[in-house]
S.K.: 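If you scroll down you'll find the structure; I have some questions about it.
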Amino acid sequence: MTEINQPQPPVLPPGTQVVLRTDVSCVGGGDVRLAGAVATVLRSPVDAEHRYLIRFPDGAEAAVLRRQISVRKQVQREGLIGPESAMDEHGLWPFVIYRCVIGSRAYGLEAADSDVDRRGIYLPPAGRHWSLFGVPPQIENDATQECYWDIEKFLTLALKANPNVLECLYSPLVEHATPLARRMLEMREAFLSRLIYQTYNGYVMSQFKKLEGDLRNRGEIKWKHAMHLIRLLLAGIVALREGHVPVAVGEHRERLLAIRRGEMAWEEINGWRLALHKEFDAAFAETALPKRPDYGRVNSFLIEARREAMGKDRSDAVQVTVESLPMIERDDRVLIEARVRPEAIPVLDQVIARQPYPLLFVTISGAHLYGFASADSDFDLRGVHVLPARKVLGLDAGRETVQVDAIEGGLEIDLVSHDAAKFFGLMLKRNGYVLEQLYSPLVVRTSPEHEELKRLGRGCITRHYVHHYLGFFATQRKLFEKDQRLKPMLYTYRVLLTGIHLLRTGELEANLEVLNGEFALPYIAELLAAKREGREQDVWRGGDLAFHLAEFDRLDGELKLAGEESGLADGPTVRAELSEMLVGLRNRRNGVRPLPLALFAVARCPPLFPKRGNSPFRHSNHVGYLNIGQK
């Protein structure tokens with residue numbers, strides 16, 4: 001079998017928007033444009049070895065090599081600029097595990113000038129598959145007519161009876177197949193089902209309708225396309241009757257070539273097509289193929305392939321559940337005071353213990369975190385779980401988000417947890433909700449990874465968080481103006497002060513009473529007392545609406561100014577570290593290690609951002625409303 005070549009990336013057409021990977025000098029000795037600048041391809045080279053002419057928004061131009069630029073859409077998807085990207089266009093070609101020839105040469109319909117169409121599968125290493133960078137569903141090279149699907153994409157298409165993919169499984173011209181790929185070929189009957197009838201038949205009928213329209217409107221059709229539609233019907237009939245997908249056309253070669261050359265009249269072609277549809281119907285009525293393919297067998301193969309990519313044998317890592325993790329009991333002397341009844345704690349524990357996946361952490365958010373919980377406030381539990389390997393590697397995907405709404409022990413509980421990949425991605429998208437959950441001092445469950453994630457979270461805080469808090473403010477203000485309830489009024493003030501404080505100091509503080517120690521708004525204490533002593537949905541009865549609306553406007557202006565003047569970074573700096581952490585979590589044999597709980601909020605909670613040298617993250621004296629008595 002031949003070695004896998006590593007083709008050059010396809011030539012980008014004029015008009016493509018690109019991003020510089022490296023600094024470049026403009027044509028004519030102009031300015032230097034820094035990596036990250038956006039430009040448009042003005043002129044493309046004849047191949048990937050020569051230079052592109054690109055134009056910047058101000059009209060300046062530069063001549064660059066393909067390795068100096070990335071397609072802008074890919075950069076947005078990957079969130080990374082530079083050749084170190086895990087999506088390096090050359091980096092995945094060595095992982096091709098299966099390569100075959102399809103098209104006219106496999107069908108036996110080739111001409112002297114026919115291309116060699118190669119298709120196949122690549123199996124990315126686990127580190128790339130699990131990372132935040134991800135892998136593309138396919139890699140391709142138009143110049144050499146090569147396309148390789150990610151193994152999961154390939155298997156999924158095959159299960160759906162995609163004709164192009166099934167032909168790959170049955171191609172007589174296999175150029176490269178690893179032992180894993182050969183095992184896949186040995187089980188290719190698992191992909192065959194009666195879905196072939198719907199897929200092949202439906203496609204041919206829709207395409208012939210288009211050909212008829214072309215003939216009627218333009219007086220001509222694409223004869224090659226008509227030939228392949230007839231060939232597809234012939235293949236589908238054999239597949240249903242004999243349980244395999246024929247690729248070579250055999251005895252039908254000359255008639256099919258006559259169609260391609262335009263030598264067969266349309267009436268004869270259409271008559272052949274209609275006769276084949278009848279044969280297809282009869283074959284479908286008599287076929288021994290199952291109604292559906294063998295999803296379980298294919299899923300097991302995919303998991304086997306992913307494990308091989310990990311370089312590890314079968315392990316019990318995929319069996320890790322919450323119940324299998326070592327738990328450490330809390331000190332029985334812990335007394336819960338203030339606004340949470342002592343009997344609430346075991347109820348929360350019971351809800352958490354029933355969650356289906358290992359948990360990195362669970363914290364309390366919402367009114368309890370913000371410092372204005374009423375006696376009837378619900379418990380907003382927020383956390384991160386880690387999907388077991390089987391739920392990531394196989395076709396049977398796990399739940400990216402788990403949500404539980406329950407009333408237990410008289411408590412209304414709203415629990416939401418995200419898989420680590422989703423949560424990490426939200427951290428990188430200036431999502432203030434997830435950072436507030438991450439740094440909540442009201443901790444119900446924690447782990448060493450939780451502490452590491454809080455360290456990395458500091459690298460996600462940017463000046464662009466102004467947009468999150470401006471949007472959150474606008475929503476809460478509308479809610480307050482609608483019915484003048486006390487809860488959205490306090491939310492509005494809390495959001496404004498949290499945003500201003502964050503942009504000024506780099507410190508995330510969510511407790512309104514603590515924040516007011518800095519802002520000294522004389523009316524906040526009275527509003528807090530009214531909310532804590534009242535009910536969750538109470539209407540505000542304070543009187544001077546115009547005053548508070550004016551205060552909203554004033555603080556809105558302060559928030560915008562804080563955004564303009566903020567010294568925070570312009571973008572996240574820890575994407576690669578988060579990706580490494582995610583891969584490590586996926587690869588852990590024993591899942592997440594819980595830490596003992598000192599639990600919930602102590603009288604004076606630890607800083608959200610511990611002081612480290614000259615770090616802008618100062619100590620926060622956060623007074624919690626779930627207190628622990630002294631030992």
Side-chain angles (χ1 to χ4, degrees), residues 335-341 344-345 348 362-382 411-414 432-444 468-469 472-473 475-477 479-480 485-502 504-505 507-538 540 542 548 551-552 555 559 598-609 618-629:
L335 300 176
I336 303 302
E337 301 176 353
R339 305 196 172 274
V340 175
R341 302 189 305 273
I345 304 307
L348 300 181
V362 178
T363 59
I364 297 179
S365 186
H368 290 92
L369 172 62
Y370 307 146
F372 44 78
S374 303
D376 63 338
S377 292
D378 64 348
F379 283 88
D380 296 311
L381 302 181
R382 298 295 183 264
L411 302 179
E412 186 175 350
I413 299 172
D414 173 29
Y433 302 114
V434 297
L435 282 187
E436 290 174 5
Q437 296 159 19
L438 174 65
Y439 289 108
S440 169
L442 309 184
V443 179
V444 185
H468 167 82
Y469 285 101
F472 198 0
F473 156 68
T475 300
Q476 293 302 316
R477 178 172 182 165
L479 289 175
F480 170 67
R485 287 184 298 115
L486 186 55
K487 180 178 178 179
M489 183 183 197
L490 284 168
Y491 262 79
T492 304
Y493 278 119
R494 201 284 302 178
V495 168
L496 287 165
L497 300 191
T498 293
I500 295 168
H501 182 75
L502 176 69
R504 287 176 177 174
T505 69
E507 172 198 335
L508 199 154
E509 178 58 72
N511 184 284
L512 183 55
E513 186 171 49
V514 174
L515 288 163
N516 200 43
E518 172 187 345
F519 289 88
L521 303 180
Y523 44 82
I524 291 295
E526 183 180 350
L527 295 174
L528 286 172
K531 175 65 168 60
R532 293 169 183 164
E533 295 167 5
R535 309 292 293 176
E536 184 75 2
Q537 303 300 327
D538 280 355
W540 171 65
H548 286 285
E551 281 289 88
F552 291 167
L555 293 171
L559 177 58
L599 178 70
F600 282 54
V602 292
R604 304 186 70 79
C605 294
L608 300 185
F609 297 104
R618 67 178 179 80
H619 186 93
S620 169
N621 292 323
H622 187 128
V623 179
Y625 286 94
L626 300 177
N627 300 317
I628 294 179

S.K.: On a heavy-atom basis, which atom in Thr498 and which in Glu436 lie closest, and how many Å separate them?
M.R.: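 Distance-wise, the nearest heavy atoms are CG2-OE2, 3.9 Å.
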
S.K.: Check the orientation of His368 and Phe379. Use parallel for under 30°, tilted for 30 to 60°, and perpendicular for over 60°.
M.R.: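 His368 vs Phe379 ring planes: parallel.
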
S.K.: Going through the distances and angles, do Tyr469 and Leu502 end up as a side chain to side chain contact (heavy atoms under 4.5 Å, CB included)?
M.R.: CA-CA 10 Å; Tyr469 285 101; Leu502 176 69; 3.9 Å; yes

S.K.: If the condition is ring pair (Phe, Tyr, Trp, His ring centres under 6.0 Å), which residues does Phe473 pass it with, not counting sequence neighbours?
M.R.: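 By the ring pair (Phe, Tyr, Trp, His ring centres under 6.0 Å) rule, Phe473 matches no residue at all.
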
S.K.: Give, for atom CD1 of Ile524 and atom CG of Leu497, the distance between the pair rounded to the nearest 0.5 Å.
M.R.: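 If we round to the nearest 0.5 Å, Ile524:CD1 and Leu497:CG are 6.5 Å apart.
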
S.K.: Would you compute the distance between atom CD of Gln476 and atom OG1 of Thr492 and round it to the nearest 0.5 angstrom?
M.R.: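 Here the interatomic distance stands at 5.5 Å.
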
S.K.: Atom CG in Leu438, atom CZ in Arg382: separation rounded to 0.5 Å?
M.R.: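 Answer for the CG-CZ pair, Leu438 versus Arg382, is 14.5 Å.
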
S.K.: Would you sort out whether Leu490 and Leu528 count as a side chain to side chain contact (heavy atoms under 4.5 Å, CB included), showing the intermediate values?
M.R.: CA-CA 8 Å; Leu490 284 168; Leu528 286 172; 4.2 Å; yes

S.K.: Should the pair Lys487-Asp538 be classified as a salt bridge under the 4.0 Å nitrogen-to-oxygen rule?
M.R.: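 Judged by the 4.0 Å cut-off on N to carboxylate O distance, Lys487 and Asp538 do not form a salt bridge.
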
S.K.: Rounded to the nearest 0.5 Å, what separation is found between the CD atom of Glu551 and the CE atom of Met489?
M.R.: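 Glu551 atom CD to Met489 atom CE measures 9.5 Å (nearest 0.5 Å).
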
S.K.: So, Arg477 side chain and Phe472 main chain: donor-acceptor pair closer than 3.5 Å or not?
M.R.: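 No.
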
S.K.: Evaluate the side chain to side chain contact (heavy atoms under 4.5 Å, CB included) criterion for residues His501 and Leu508: first the C-alpha distance (whole Å), next the side-chain angles of each, then the deciding distance (0.1 Å), finally the verdict.
M.R.: CA-CA 7 Å; His501 182 75; Leu508 199 154; over 6 Å; no

S.K.: Just jot down the ring pair (Phe, Tyr, Trp, His ring centres under 6.0 Å) partners of Tyr491, sequence neighbours excluded, or say none.
M.R.: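 So Tyr491 forms a ring pair (Phe, Tyr, Trp, His ring centres under 6.0 Å) with Tyr370, Phe372.
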
S.K.: So, does Thr363 use its side chain to make a donor-acceptor pair with the main chain of Gln437 at under 3.5 Å?
M.R.: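 Checked: pair present.
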
S.K.: Would you find a donor on one side and an acceptor on the other, under 3.5 Å apart, between the side chain of Thr505 and the backbone of Glu507?
M.R.: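 Answer holds: yes.
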
S.K.: Could you state the interatomic distance from CZ (Phe519) to CG (Leu555), rounded to the nearest 0.5 Å?
M.R.: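 Nearest 0.5 Å value for the CZ-CG distance: 7.5 Å.
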
S.K.: Could you tell me whether Glu536 and Lys531 make a salt bridge, using a distance below 4.0 angstrom between a side-chain N and a carboxylate O?
M.R.: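 Yes, Glu536 and Lys531 are salt-bridged.
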
S.K.: Nearest heavy-atom pair of Gly366 and Asp380: which atoms, and what distance?
M.R.: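 It is CA-OD2, 3.5 Å.
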
S.K.: With no hydrogens and no angle check, just 3.5 Å: does a side-chain donor-acceptor pair link Glu509 and Tyr439?
M.R.: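 No, Tyr439 and Glu509 have no side-chain donor paired with an acceptor closer than 3.5 Å.
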
S.K.: For Ser440 and Leu369, work out which heavy atoms get closest and say how close.
M.R.: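 Answer, listing the atom of Ser440 first, then Leu369: OG-CD1, 3.6 Å.
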
S.K.: Please identify each residue that fulfils side-chain hydrogen bond (donor to acceptor under 3.5 Å, both in side chains) with His468, with sequence neighbours left out.
M.R.: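 Checked His468 against side-chain hydrogen bond (donor to acceptor under 3.5 Å, both in side chains); zero matches.
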
S.K.: Does Tyr493 form a side-chain hydrogen bond (donor to acceptor under 3.5 Å, both in side chains) with His548? I'd like the steps, not just the answer.
M.R.: CA-CA 10 Å; Tyr493 278 119; His548 286 285; 2.7 Å; yes

S.K.: Strictly distance-based, threshold 3.5 Å: is any side-chain N or O of Arg532 a donor or acceptor partner for the main-chain N or O of Gly371?
M.R.: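 Such a contact is found between Arg532 side chain and Gly371 backbone.
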
S.K.: So do Asp414 and Leu381 actually touch side chain to side chain, heavy atoms under 4.5 Å?
M.R.: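 Side chain of Leu381 against side chain of Asp414, heavy atoms only: no contact under 4.5 Å found.
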
S.K.: Heavy atoms only: give me the nearest Asn516-Leu521 pair and the separation to one decimal.
M.R.: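 Looking at all heavy atoms of both residues, the shortest contact is OD1-N, 2.8 Å.
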
S.K.: Show the nearest heavy-atom pair for residues Ala367 and Ser377, with the distance to one decimal.
M.R.: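 Smallest heavy-atom distance, with atoms named: CB-OG, 4.2 Å.
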
S.K.: Is there a side chain to side chain contact (heavy atoms under 4.5 Å, CB included) between Leu527 and Leu486 once you walk through the steps?
M.R.: CA-CA 8 Å; Leu527 295 174; Leu486 186 55; 3.9 Å; yes

